[in-house]
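Structure first, then comments.
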Amino acid sequence: YTHQPLRSMTECLWDGCVTERLNKQLKNASTPLEHYYYTQHINHIAGRKIGEDYKHNLDILNRWVDSSPKSHLPYLVRGWFHIDYAWYFRGTEYAQLVTQDGIEKFTENLQAAKNDLDIAYTLTPTDPNIPTGLIKVAGGFGADQKITDQYYQQVIDIVPLHYNARLSRMNYNQPRWGGSWKAMIALERDCEKRSKEFPMLLMVNRYSAKQMQERNDYYQKAWDNSH
């Protein structure tokens with residue numbers, strides 16, 4: 001995994017030259033660090049041009065899907081693309097501050113992501129980035145924590161030390177997304193315990209601590225109610 005192949009793959013995709021090259025270069029990894037870089041590749045390609053021409057970028061991804069119907073990767077990348085755009089249209093404000101147009105585009109893109117990731121899963125159920133993406137979808141829809149827990153466990157069953165699944169799970173463990181401080185602390189302890197095997201997991205705890213530090217009145221109330 002080097003930056004040059006990533007750049008060339010991305011340019012190839014976004015220039016419209018959708019080929020099997022990306023399928024060959026984005027291989028399933030074997031170590032936690034390789035899985036981390038693999039996820040970063042997927043995330044970079046899916047979100048590289050967020051904020052630019054949505055329809056044009058989606059058209060490129062649609063052509064890639066059409067040209068590689070038996071590969072899960074086009075569906076996976078398009079699913080993550082829709083997740084990124086869902087939050088781009090919605091913004092990160094509290095729900096009552098989001099415009100109606102933002103809500104509609106958010107919901108539309110999350111559902112499109114869910115559809116793509118479900119197809120990707122039927123093609124290759126062993127890619128941990130599929131349930132990692134579904135954690136984000138379920139969290140965005142405000143699904144019951146049991147559903148995000150189920151997706152999280154699917155990832156851990158494949159890659160026990162998966163960094164990005166823990167980061168996504170930590171995000172939706174926040175009280176503002178229906179979680180609790182207790183859930184965040186429990187995941188922190190898990191990351192600290194497993195960090196002896198994969199030290200990067202401590203970065204998840206850094207993210208958690210930053211969220212806890214930024215407690216406004218809503219967070220303070222949630223904190224008080226969970227203790």
Side-chain angles (χ1 to χ4, degrees), residues 1-2 5-50 54 56-87 108-141 143 147-169 172:
Y1 294 100
T2 62
L6 175 58
R7 258 200 308 271
S8 61
M9 286 189 297
T10 306
E11 291 300 331
C12 176
L13 178 64
W14 288 115
D15 285 347
C17 304
V18 184
T19 68
E20 285 298 315
R21 182 182 179 192
L22 191 58
N23 285 288
K24 293 177 181 178
Q25 289 186 317
L26 284 182
K27 296 178 180 179
N28 286 335
S30 58
T31 68
L33 185 60
E34 287 174 334
H35 273 289
Y36 168 78
Y37 283 121
Y38 173 54
T39 305
Q40 294 304 101
H41 285 191
I42 295 292
N43 195 40
H44 179 84
I45 294 167
R48 182 173 178 270
K49 294 198 173 184
I50 293 298
Y54 171 81
H56 172 71
N57 295 339
L58 181 57
D59 179 64
I60 294 174
L61 288 172
N62 290 343
R63 281 186 277 140
W64 184 26
V65 169
D66 292 340
S67 68
S68 305
K70 295 183 179 181
S71 171
H72 79 287
L73 285 169
Y75 292 101
L76 172 59
V77 172
R78 193 171 66 178
W80 281 50
F81 168 89
H82 280 299
I83 293 171
D84 286 342
Y85 257 108
W87 286 102
E108 177 184 339
N109 276 274
L110 277 188
Q111 187 57 57
K114 176 71 164 55
N115 295 341
D116 276 339
L117 293 172
D118 284 343
I119 294 173
Y121 184 79
T122 63
L123 294 169
T124 307
T126 56
D127 189 326
N129 285 316
I130 300 171
T132 297
L134 287 168
I135 291 173
K136 299 180 180 182
V137 172
F141 275 134
I147 295 178
T148 50
D149 285 341
Q150 177 184 340
Y151 290 136
Y152 176 73
Q153 191 58 49
Q154 287 179 12
V155 182
I156 300 306
D157 287 344
I158 301 171
V159 184
L161 299 176
H162 201 277
Y163 170 86
N164 297 84
R166 282 178 168 81
L167 185 64
S168 295
R169 190 72 191 91
Y172 291 108

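Since this is a predicted model, take the numbers as computed values, not measurements. The figures that follow rest on heavy atoms only: side chains count, while hydrogens, waters and symmetry mates do not.
In plain terms, the two heavy atoms of Tyr75 and Ala120 that are nearest each other are CB-CB, 3.9 Å. The two residues Leu117 and Ile130 make their nearest non-hydrogen contact at O-CG2, 3.3 Å. The two residues Asp127 and His72 come nearest to each other via the heavy atoms OD2-NE2, 2.7 Å.
Remark: Thr148 OG1 to Tyr172 OH distance equals 10.0 Å, nearest 0.5 Å. Note that the CG atom of Leu167 and the OG1 atom of Thr132 stand 10.0 Å from one another [nearest 0.5 Å]. Annotation: the span from Tyr37 atom OH to His44 atom NE2 amounts to 14.0 Å, rounded to 0.5 Å. Atom CG of residue Asp66 and atom CG of residue Leu61 lie 11.0 Å apart, to the nearest 0.5 angstrom. With rounding to the nearest 0.5 Å, the separation of CG in Leu73 from CG in Leu123 is 10.0 Å.
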Q.
Run Trp64 and Val77 through side chain to side chain contact (heavy atoms under 4.5 Å, CB included) and show every step you take.
A. CA-CA 10 Å; Trp64 184 26; Val77 172; 3.7 Å; yes

**Q.** Steps toward side chain to side chain contact (heavy atoms under 4.5 Å, CB included) verdict (Ile147, Leu134)
**A.** CA-CA 9 Å; Ile147 295 178; Leu134 287 168; over 6 Å; no

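By the ring pair (Phe, Tyr, Trp, His ring centres under 6.0 Å) test, Tyr36 pairs with Tyr163, sequence neighbours left out. Qualifying ring pair (Phe, Tyr, Trp, His ring centres under 6.0 Å) partners for Tyr54, counting only residues two or more places apart in sequence or in other chains: Phe81, Tyr85, Phe89. Applying the side-chain hydrogen bond (donor to acceptor under 3.5 Å, both in side chains) rule to Thr39 yields the partners Asn129; only residues at least two apart in sequence or on another chain are considered. For His82, the side-chain hydrogen bond (donor to acceptor under 3.5 Å, both in side chains) test picks out Asn109, with sequence neighbours left out. Every residue meeting the side-chain contact (heavy atoms from CB on, under 4.5 Å) condition with Asn62, not counting sequence neighbours, appears here in chain and number order: Leu58, Arg78.
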Please report, to 0.1 Å, the donor-acceptor pairs under 3.5 Å made by any side chain of residues 152-159, with sequence neighbours excluded.
| from | atom 1 | to | atom 2 | distance (Å) |
| --- | --- | --- | --- | --- |
| Gln153 | NE2 | Asp157 | OD1 | 2.8 |

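A distance-only check finds a donor-acceptor pair linking the side chain of Thr122 to the backbone of Ile119 [under 3.5 Å].
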